[in-house]
2 protein chains.
Amino acid sequence: MAGMPVTHGLYDAFLAVARSGSFTSAARALGYTQSAVSRQVRSLEEEWGAELFERRPRGVRLTEAGRALLPHAEAVRDRLAAARAELTALRTLDGGLLRLGAFSSATAALVPRAQAAFRRRHPGVAVTRVEGPSVKHLGLVAAGEEDLAVVSPAVDVPPPPGVTLHHLLDEPMLVALERGHPSAGRRDVRLAELSGEEWIVGNERLEDTLFRPAVAAGFRPRTGLLAHDWIAKLGAVAAGLGVTLVPALAAASVRPDVALVTIHPEDVPHRRICAAAPGAPTAAATAFLGLLRETARELRAWGP
Amino acid sequence: MAGMPVTHGLYDAFLAVARSGSFTSAARALGYTQSAVSRQVRSLEEEWGAELFERRPRGVRLTEAGRALLPHAEAVRDRLAAARAELTALRTLDGGLLRLGAFSSATAALVPRAQAAFRRRHPGVAVTRVEGPSVKHLGLVAAGEEDLAVVSPAVDVPPPPGVTLHHLLDEPMLVALERGHPSAGRRDVRLAELSGEEWIVGNERLEDTLFRPAVAAGFRPRTGLLAHDWIAKLGAVAAGLGVTLVPALAAASVRPDVALVTIHPEDVPHRRICAAAPGAPTAAATAFLGLLRETARELRAWGP
DNA sequence: GCTAGACATTCGCTTGTCGCATGAGTGGGC
DNA sequence: GCCCACTCATGCGACAAGCGAATGTCTAGC
């Protein structure tokens, strides 16, 4: 019981000999000499502690131990072939899995478009997508539990080690107004003009949001309505209860009875949108990143 | 696509690293140095054409390719462990299959007794038994399709190459007589005393049977009744239609209303009964051969 | 009895693998 | 902000394993 056999190229020799019934012809098939095959088989026999072939004057024949080993050796060979096929599929993007993450409003247009293009080109690759806050996705990518994520990282917080950010686009922020609002229909608007409005926000601490520069400049809006949900926010806007910020990427999916007006980037800065990739991105992640860039370029057609 | 990976002790290293998440600790677990594991993993990565681990400052982590390979490597390891267990069971007679052959009348007492003893000692070994003429079994053993056979080979015909005969016993021949026959009840009888009887035989050409020496000496019995089946032969004897030869091993299974009397071995020679084993008998066959010898010794209690 | 064919063995060389020691890079502690 | 501890990678020398070529050994068949 010396231990597990150590090599397995030997199993190719074993299988070839078992198939052909002869060391000599197996050697020919493998491109070896007969002496090499003889020693390989002997080596296997020593490792397994049993004769695998019965030597006969006109060739060899499997012993009982050889017959017992044969299906296992075949299974091992087949399993390794399957592994090879799977790794090849991974490399050629004919298979595998892409674990995607994205923050919420990126899933309105940017990610779905890229995902559709990806599926057209690589239908064999399965894609899973998880929504969530950017910080969470950065952690998941760093931990190797996501292959790629679309995030909107804070400018002053460096990405976790092992994660590289790829800038995709800077997303303008829009303000959603009741359709009858005096500013509705304008091309853009300064924040000061809206300081008298009731602002519907998702976070009471405005200095933690994109409003930070505006707050520093003295902007102190009324923030009586808190809502995290888009449906709720826009419902309130449509009902004339107030105004709210909408990221440009989500503009297309806003209900038609609210008006959207661009805010000057000095007041509410453009939101930086990046792809977060691990240090060693998978082939699928790299391909998807390319499609994300492409989609971002198309979407960038909104700016001046 | 250089070809199949060549070695597989490497897979132990791969699995150990995958489990521990570190080359160093995997090396400790395997009894290797860290550099050895590092190079083993590198070798695997070159064979598979993909990085399997992502090197990080505090250890390593599986890449996508590594994650894909992991279940295959585990399956290979498990399959080899199963093979090892099976070969061990074969060697220790805790498993496996013994393919047995025997000529018809050996299955009356000799083989079943040995088989029962074998099953008591090695209940894990499955035994299959096929009846048939001795020549057929000799061929099957030579062809490796039977592991052991009990045969009654012709004295002047050598066994096929690769088959060795192990003498078990010389079986006397008895004659079955109607219970009321004048010779019934005698200890033994000379064939000449029965030359007037009607002989029930299985083969019209007596010179091809055990009668050969008797025929050479002028024995010319009446052979009006041909029967191959024991039931038929003994039925005819019981009905007083004639007499027939019965091998001693079958004596115990003869119907009680016929008498059995030993024939002098000069008239009808003892039948040689042997075990036929291949050149490299299996462990089970060797064990069974020992039990056959033992059983034969017990059964030999009939002769002088 | 001899020959042909198959496996085993010996020899010398190449290749691979190991341990040891060292280098390079990163994250945490002071 | 610097240093240290910990990780993996690599160069080096020694040893073992595996190879091809040639030779030996055995058996079936003529």
Side-chain angles (χ1 to χ4, degrees), chain A residues 2-3 5-14 16-18 20-47 51-63 66 139 142-143 158-164 278-280, chain B residues 2-3 5-14 16-18 20-47 51-63 66 139 142-143 158-164 278-280:
Chain A
V6 173
T7 58
H8 97 227
L10 305 189
Y11 292 97
D12 289 340
F14 171 70
V17 172
S20 69
S22 147
F23 286 16
T24 306
S25 61
R28 264 197 299 272
L30 295 169
Y32 283 150
T33 60
Q34 172 263 327
S35 79
V37 173
S38 172
R39 271 173 311 208
Q40 286 186 352
V41 170
R42 165 170 297 282
S43 169
L44 263 182
E45 289 174 331
E46 284 169 4
E47 284 171 355
E51 292 234 314
L52 301 176
F53 294 100
E54 180 187 349
R55 276 71 164 175
R56 322 196 86 235
R58 293 270 175 256
V60 299
R61 208 166 50 194
L62 283 170
T63 62
V163 175
T164 57
Chain B
V6 174
T7 57
H8 97 226
L10 306 188
Y11 291 97
D12 288 339
F14 170 70
V17 172
S20 70
S22 148
F23 285 17
T24 307
S25 61
R28 264 197 299 274
L30 296 168
Y32 284 149
T33 60
Q34 172 265 327
S35 77
V37 173
S38 172
R39 272 174 304 215
Q40 285 184 353
V41 170
R42 165 173 296 282
S43 170
L44 261 182
E45 288 174 332
E46 285 170 3
E47 285 172 354
E51 292 234 315
L52 300 176
F53 294 101
E54 181 186 351
R55 275 72 166 176
R56 321 197 87 233
R58 292 277 176 247
V60 298
R61 211 167 46 194
L62 283 170
T63 62
V163 174
T164 57

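Note that the structure is a prediction, hence the values are computed from the model and not measured. Order of the sequence lines fixes the chain letters, A, B, ..., with proteins taken first and strands second; residue numbering starts at 1 for each chain. Values below: every heavy atom of this structure, side chains too, minus hydrogens, waters and symmetry copies.
Whole-Å rounding puts the A/L30 CG to D/dG18 P distance at 15 Å. To the nearest angstrom, P of D/dC8 lies 15 Å from CG of B/L52. Atom-to-atom, CZ of B/R28 to C1' of D/dC6 comes out at 11 Å; the value is rounded to the nearest Å. Rounding to whole angstrom units, CD of residue A/E54 and P of C/dA8 are separated by 12 Å. At whole-Å resolution of the value, CZ in A/R56 and C1' in D/dG29 are 15 Å apart. In this structure, A/E47 places its CD atom 11 Å from P of D/dA17, rounding to the nearest Å. Rounded to an integer number of Å, the gap from CG of B/L44 to C1' of D/dC8 is 16 Å. The CG-C1' distance, from B/D12 to C/dT17, rounds to 16 Å in whole Å.
Looking only at distances, a side-chain donor or acceptor of B/R55 sits under 3.5 Å from a matching main-chain atom of B/F53. With hydrogens and angles disregarded, no donor-acceptor distance shorter than 3.5 Å links the side chain of A/T63 to the backbone of A/E54. A donor-acceptor distance shorter than 3.5 angstrom exists from the side chain of A/E45 to the backbone of A/L52, with no hydrogens or angles considered.
Within 4.0 Å of A/S35, counting heavy atoms only, lies at least one base atom of the nucleic acid. Nucleic acid contact for B/V37: none, since no nucleic acid atom lies under 4.0 Å from a heavy atom of the residue. Using a 4.0 Å heavy-atom distance criterion, B/R58 is classed as a base contact. Within the nucleic acid shown, B/G31 comes within 4.0 Å of sugar-phosphate atoms alone, with no base atom in reach, counting heavy atoms only.
In terms of polar N and O atoms assigned as donor or acceptor, the side chain of A/Q34 comes within less than 3.5 Å of the base of C/dA8 in a complementary pairing.
Under 4.0 angstrom from either OP1 or OP2 of D/dT10 there lies at least one side-chain N or O belonging to B/R42. One finds a side-chain N or O of B/Q40 lying less than 4.0 angstrom from the OP1 or OP2 phosphate oxygen of C/dC18. For the OP1/OP2 pair of D/dA9 and a distance below 4.0 Å, the side-chain nitrogens and oxygens of B/R55 include at least one atom meeting the criterion. Applying the 4.0 Å criterion to OP1 and OP2 of C/dA6, one finds that A/T24 has every side-chain N and O outside that range.
The residue among B/R39 and A/S22 whose nearest nucleotide of DNA chain C is located toward the 5' end is A/S22. Residue-to-nucleotide proximity on DNA chain D shows that, of A/Y32 and A/P57, the 5′-proximal contact is made by A/Y32.
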Return all side-chain donor-acceptor pairs below 3.5 angstrom for residues 24-31 of chain B, not counting sequence neighbours, or 'none' if the list is empty.
residue, atom, partner, partner atom, Å
B/S25, OG, B/S20, OG, 3.0
B/S25, OG, B/S22, OG, 3.3

Next on the checklist: Please determine whether side chain to side chain contact (heavy atoms under 4.5 Å, CB included) holds for the pair B/F14 and B/Q40, giving the CA-CA distance in whole Å, both sets of side-chain angles, and the decisive distance to 0.1 Å.
Outcome noted: CA-CA 8 Å; B/F14 170 70; B/Q40 285 184 353; over 6 Å; no
